[in-house]
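No hydrogens, no waters, no symmetry mates; every other heavy atom, side chains included, goes into these values. Note that the structure is a prediction, hence the values are computed from the model and not measured.
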Amino acid sequence: MTQRMDMDWVVADLDGLKGVRHVIVLSSDGLVTAQSAMLEREAAERLAATCSGLQSLGLSMAGEFGTPPGQTRQLVFELDGVMLFVRTAAKGSHLAVLADPTIEPGMIATQMQAVVQRLGERTLTTPARQDPDRP
């Protein structure tokens with residue numbers, strides 16, 4: 001829990017952009033590590049689980065149709081009433097933004113990349129969970 005609370009500052013810059021509704025940082029297995037202040041915890045967890053599944057599908061497609069080794073950089077979904085951006089932030093970590101459908105996608109993508117570059121791999125890397133029963 002301390003890690004998540006310490007990471008909430010990561011989302012503040014993006015969360016303050018006009019048209020951005022919510023921002024989360026999530027682990028590859030769908031755990032919330034940071035979230036927008038106004039986003040309810042249950043909604044953040046559902047969003048993280050959804051984004052984790054989408055990243056997994058993207059990774060599968062990248063392996064099949066992309067250039068080896070087939071990495072997923074960013075996924076963009078335009079839905080009725082909202083746009084969803086999911087960007088690989090670091091090993092085991094992703095950044096997701098929900099925004100108004102009128103937002104400029106290029107601006108959000110650029111801002112997300114800037115956050116990832118500014119914070120760096122060390123800050124955003126999520127270590128793999130360890131089985132407590134294994135030595």
Side-chain angles (χ1 to χ4, degrees):
M1 187 67 147
T2 303
Q3 181 186 12
R4 189 196 72 75
M5 292 176 68
D6 289 344
M7 291 292 291
D8 284 349
W9 63 271
V10 170
V11 302
D13 286 346
L14 290 170
D15 204 23
L17 296 174
K18 184 178 179 176
V20 170
R21 295 181 186 178
H22 301 295
V23 181
I24 64 169
V25 177
L26 63 133
S27 65
S28 292
D29 56 357
L31 298 176
V32 177
T33 56
Q35 71 185 69
S36 298
M38 300 303 291
L39 183 61
E40 293 181 13
R41 184 64 183 182
E42 288 92 16
E45 289 173 353
R46 286 191 304 273
L47 179 58
T50 300
C51 291
S52 177
L54 292 171
Q55 278 294 110
S56 180
L57 288 171
L59 189 59
S60 178
M61 286 194 67
E64 179 73 21
F65 302 108
T67 303
Q71 297 299 311
T72 302
R73 290 191 193 115
Q74 181 169 303
L75 303 168
V76 179
F77 294 87
E78 186 175 357
L79 311 166
D80 287 342
V82 70
M83 290 194 71
L84 172 63
F85 301 83
V86 185
R87 177 165 202 72
T88 299
K91 183 177 181 181
S93 188
H94 307 287
L95 181 62
V97 174
L98 279 173
D100 293 338
T102 57
I103 203 157
E104 171 55 41
M107 185 271 297
I108 289 296
T110 300
Q111 292 297 319
M112 290 175 75
Q113 179 61 24
V115 166
V116 168
Q117 287 178 339
R118 187 172 67 242
L119 297 175
E121 177 116 354
R122 183 172 178 212
T123 303
L124 291 172
T125 296
T126 302
R129 286 193 279 174
Q130 300 296 318
D131 184 349
D133 296 330
R134 296 178 103 183

Single-linkage hydrophobic cluster, 4.5 Å side-chain cutoff, I108 and V76 together: yes
Counting C-beta onward and ignoring hydrogens, is there a side-chain heavy-atom pair between V97 and L17 closer than 4.5 Å? no
Any sub-3.5 Å donor-acceptor pair from S36's side-chain atoms to V23's backbone N or O? yes
Between R41 and V32, the two heavy atoms sitting closest are NH1-CG1, 3.6 Å
Please name the pair of heavy atoms, one in F85 and one in A99, separated by the smallest distance, quoted to 0.1 Å. CE1-CB, 4.3 Å
Spatial distance of atom SG (C51) from atom CG (L75) [nearest 0.5 Å]: 8.5 Å
One should read off an interatomic distance between L39 CG and L47 CG, to the nearest 0.5 angstrom, of 7.0 Å
Shared ILVMFWY cluster between V116 and M107, side chains joined below 4.5 angstrom? yes
Closest non-hydrogen atoms of G19 and I103, given as atom of the first, atom of the second and distance, are C-CD1, 3.8 Å
Should V20 and M38 be regarded as members of a common hydrophobic cluster, given that ILVMFWY residues are connected when their side-chain heavy atoms come within less than 4.5 Å of each other, either directly or indirectly? no
Side chain to side chain donor-acceptor pair (under 3.5 Å) pairs touching residues 52-62, sequence neighbours excluded, are Q55-T88, Q55-H94
Find the distance between CD1 (I24) and CZ (R46) and round it off to the nearest 0.5 Å. 11.5 Å
Would a hydrophobic clustering, with Ile, Leu, Val, Met, Phe, Trp and Tyr connected at side-chain separations under 4.5 Å, put M61 with L57? no
Going by the side chain to side chain donor-acceptor pair (under 3.5 Å) test, which pairs reach into residues 65-83, not counting sequence neighbours? Q74-R87
Separation between OG1 (T102) and NZ (K18), nearest 0.5 Å, reads 8.0 Å
If the condition is side-chain hydrogen bond (donor to acceptor under 3.5 Å, both in side chains), which residues does R21 pass it with, not counting sequence neighbours? D100
Given the rule that I, L, V, M, F, W and Y join up when any side-chain heavy atoms are under 4.5 Å apart, are L59 and V86 in one cluster? no
Rounded to the nearest 0.5 Å, what's the gap from CG on L26 to CD on E45? Could you check? 12.0 Å
Which atom pair, heavy atoms only, marks the closest approach of T33 to S27? CG2-N, 4.5 Å
